[in-house]
*Asks:* 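Dropping a structure here in structure tokens format, bear with me for questions.
Keep in mind that the numbers below use all heavy atoms, side chains included, and drop hydrogens, waters and symmetry copies. The chains referred to below are lettered A, B, ... by the order of the sequence lines, with proteins before strands, and numbering in each begins at 1. Fair warning: this is a prediction, and the values are worked out from it, not measured in the lab.
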Number of protein chains: 2
Amino acid sequence: MTVTLADVAARAQVSPATVSRVLNGNYPVAASTRERVLKAVDELDYVLNGPASALAAATSDLVGILVNDIADPFFGIMASAIQAEIGGPGGRAGGERLAVVCNTGGSPERELTYLTLLQRQRAAAVVLTGGAIEDAPHKAAMDAKLRKLADAGTRVVLCGRPPAAETGAIALTFDNRGGGRELTEHLIGLGHRRLGYIAGPLERTTTRHRLEGHRDALAAHGIEEDARWTVHGRYDRRSGYEATLELLRRDPSLTAVVAANDSVALGACAALRDSGLRIPDDVSVAGFDDLPFSIDAVPALTTVRLPLAEAGARAGRIAMGREEAPHGGIASVRGELMVRGSTAGPRD
Amino acid sequence: MTVTLADVAARAQVSPATVSRVLNGNYPVAASTRERVLKAVDELDYVLNGPASALAAATSDLVGILVNDIADPFFGIMASAIQAEIGGPGGRAGGERLAVVCNTGGSPERELTYLTLLQRQRAAAVVLTGGAIEDAPHKAAMDAKLRKLADAGTRVVLCGRPPAAETGAIALTFDNRGGGRELTEHLIGLGHRRLGYIAGPLERTTTRHRLEGHRDALAAHGIEEDARWTVHGRYDRRSGYEATLELLRRDPSLTAVVAANDSVALGACAALRDSGLRIPDDVSVAGFDDLPFSIDAVPALTTVRLPLAEAGARAGRIAMGREEAPHGGIASVRGELMVRGSTAGPRD
DNA sequence: CTCTACATAGAAAGCGCTTGCTGTCACGCT
DNA sequence: AGCGTGACAGCAAGCGCTTTCTATGTAGAG
């Protein structure tokens, strides 16, 4: 049968209480006793029963990380950074924590369900990554859930997601709007006047913010936007490919294409090439995020670098209470424009 | 305070046992009673206490997924597929399970520690992805651990990892050797006779298998390998870049470079370009895995496609007991050679 | 040499849930 | 009418651990 605390206690000739104290190390235990206990633990190959201690202590060492798509490096990088700070094994933090990465697939229901599951596990903290969904009822439900989690003592941190007022959640928000503006301004500065924009899914805050930044830039430079210049799609390569063809169909005179993110931009590049257009000679292309592969595109992608790993690490530390939350519980994280080969002045 | 089962029972005017049974749904409960209970649950906003039920039922709904690097799409894709099958929220499987993605960072200790943590949580299943580490003591420790997990009722599945004999683990192994052989044979078929090989870290089984396949192919065609043609590095772009420069330094007459995986291949491409060499005109390049971005390289990468998502899904189903394990507990998953623009006949 | 104080160790009461076993009805059969 | 039989519902005993409170032994203080 499975070895229990009591077995260890018996073997070490001490009470279960003592064994527990040795294992948790927060109560004075004489060195000799401790040693005896440790020896028994080792000999019996004892492994603590997680659920039992969680129940008794009313705390758990699980930390939830919600991501839209773990197969996407955008989330993978953040998750990795968060997890490193959570201090799974190897982390410097004392107690070993288990990071639970939950893949919502961008679905509102799953987002909520995962939160419930985490609440059920009495998670020590929860980090939500990536943009939120802009649906009033869903947002209300999420906020209520977050509030409840926070009330139950779970630390809630938003990483790359807009603040959720009144929920007690700490927010590290990406300045998508600023990045979008800067990127488009760069293109305008190069002389572009007819810019296509491949946006992400309509209902995501990230999509809206980046698009707003783009439009802000256009407006600031007196460029009137043509409704045909914006196409919505998903945040993936395929979508970028198709959207670009659509854009080209609508207005073949576009001299630049701004994509919702790097994957979309790569798809755009492929579509342009397949259409016989050269980058950046005929059409400039810009992405967003600066994922690792973006520099390997040919030509290398001009994009806005988001400090994914840094933000994730910070979110992780805050979740662990190892770093103070930003003032007001909200911090904006800026992106950095990376100008590379995929953008240049228009031909005409 | 927090709402407990008893509170719900009181409100619904039934015993705690009945509430539990309604919630777990595996015991006959009259429809009217069930309704009353559900109503109370809803009204009180009750959330089951995970640790408590895990303790009482001696089972948990946690499933561990061990990956080397969650930021790497190779693992991200598998993790995503596994998770989808595990049936987190939205999964068709009945009980909702929480996937715990553990990032080992390729470290043996962390691998082991995570396994202990999972054992502590009494995980329902554990899926280990990617190659194993070839260190006898570590392998022994891992096997012992896996054996223990299996004995405790945790289903253990290896996905893309060599079988671990006598541990009771089901293995879905990638045929890295076969893929490596096929890839190099393709190059040889094109006429290449001087092939550089950028291998991964020495201590990984994946590295060895792919390299062995490469050498098998060389041997089969009577090509004597020059020791200078193999360089070891990490499985990342950077490493590929540096290794390629090293390879070029050692033997500038190489006409092809075979990389340990696609990221490395991308780095190799960059290094070649930076060295003024054209791909594939001057040097052919081949990768491995066929990650999504590989097709976007210019020229598109010739590589061996590994059915990551399919294998992950299968592993997930097996872990959930939703699919029968392969005969003998071991199945080999083949890769498929994808010939694209980055390889062509040598110039001379 | 007695008394107080401190450092440890143990006893025992739960933590919130599951489940085997024991009722209790209401039927329908003989 | 009597009773076997299901279909439900409840009782109560834990699951394995943490932690408060209490007991004990020893050392320094008076």
*Asks:* If you compare every side-chain N and O of B:Ser20 against the phosphate oxygens of C:dT18 (OP1, OP2), does one of them come in below 4.0 Å?
*Replies:*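 Checking C:dT18 against B:Ser20, a side-chain N or O does come within under 4.0 Å of OP1 or OP2.
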*Asks:* Please report the distance, rounded to the nearest Å, between CZ in A:Arg34 and C1' in C:dA7.
*Replies:*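 Value for this atom pair: 13 Å.
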*Asks:* Decide yes or no for A:Leu115 and A:Val126: does some side-chain heavy atom of the first lie under 4.5 Å from some side-chain heavy atom of the second?
*Replies:* yes
*Asks:* Going by heavy atoms closer than 4.0 Å, what residues in residues 36-45 of chain A are next to DNA chain C?
*Replies:* none
*Asks:* Atom CD of B:Gln121 and atom CG of B:Leu117: how far apart are they, to the nearest 0.5 Å?
*Replies:* 6.5 Å
*Asks:* Taking 4.0 Å as the cut-off, does a side-chain nitrogen or oxygen of A:Asn49 come that near to OP1 or OP2 on D:dC15?
*Replies:*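 For A:Asn49, the contact criterion (side-chain N or O under 4.0 Å from OP1 or OP2 of D:dC15) is not met.
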*Asks:* Between the side-chain atoms of A:Tyr27 and the base atoms of C:dA7, is any donor-acceptor pair under 3.5 Å?
*Replies:* no
*Asks:* Are any of the side-chain heavy atoms of B:Arg317 and B:Arg314 separated by less than 4.5 Å?
*Replies:* yes
*Asks:* Would you kindly check whether a donor in the side chain of A:Arg21 faces an acceptor in the base of C:dG10, or vice versa, at under 3.5 angstrom?
*Replies:*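 Pair found.
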*Asks:* Applying salt bridge (Lys or Arg N to Asp or Glu O under 4.0 Å), run through A:Arg322 and A:Glu85 and close with a yes or a no.
*Replies:* CA-CA 9 Å; A:Arg322 228 143 23 75; A:Glu85 292 293 338; 3.3 Å; yes
*Asks:* Can you measure B:Asn24 atom CG to C:dT18 atom P for me and round it to whole angstrom units?
*Replies:* 5 Å
*Asks:* Is there a side-chain contact between B:Thr33 and the phosphate of D:dA9, meaning an N or O under 4.0 Å from OP1 or OP2?
*Replies:* yes
*Asks:* Which distance, rounded to the nearest 0.5 Å, do you find between the CD1 of B:Ile65 and the OG1 of B:Thr129?
*Replies:* 8.0 Å
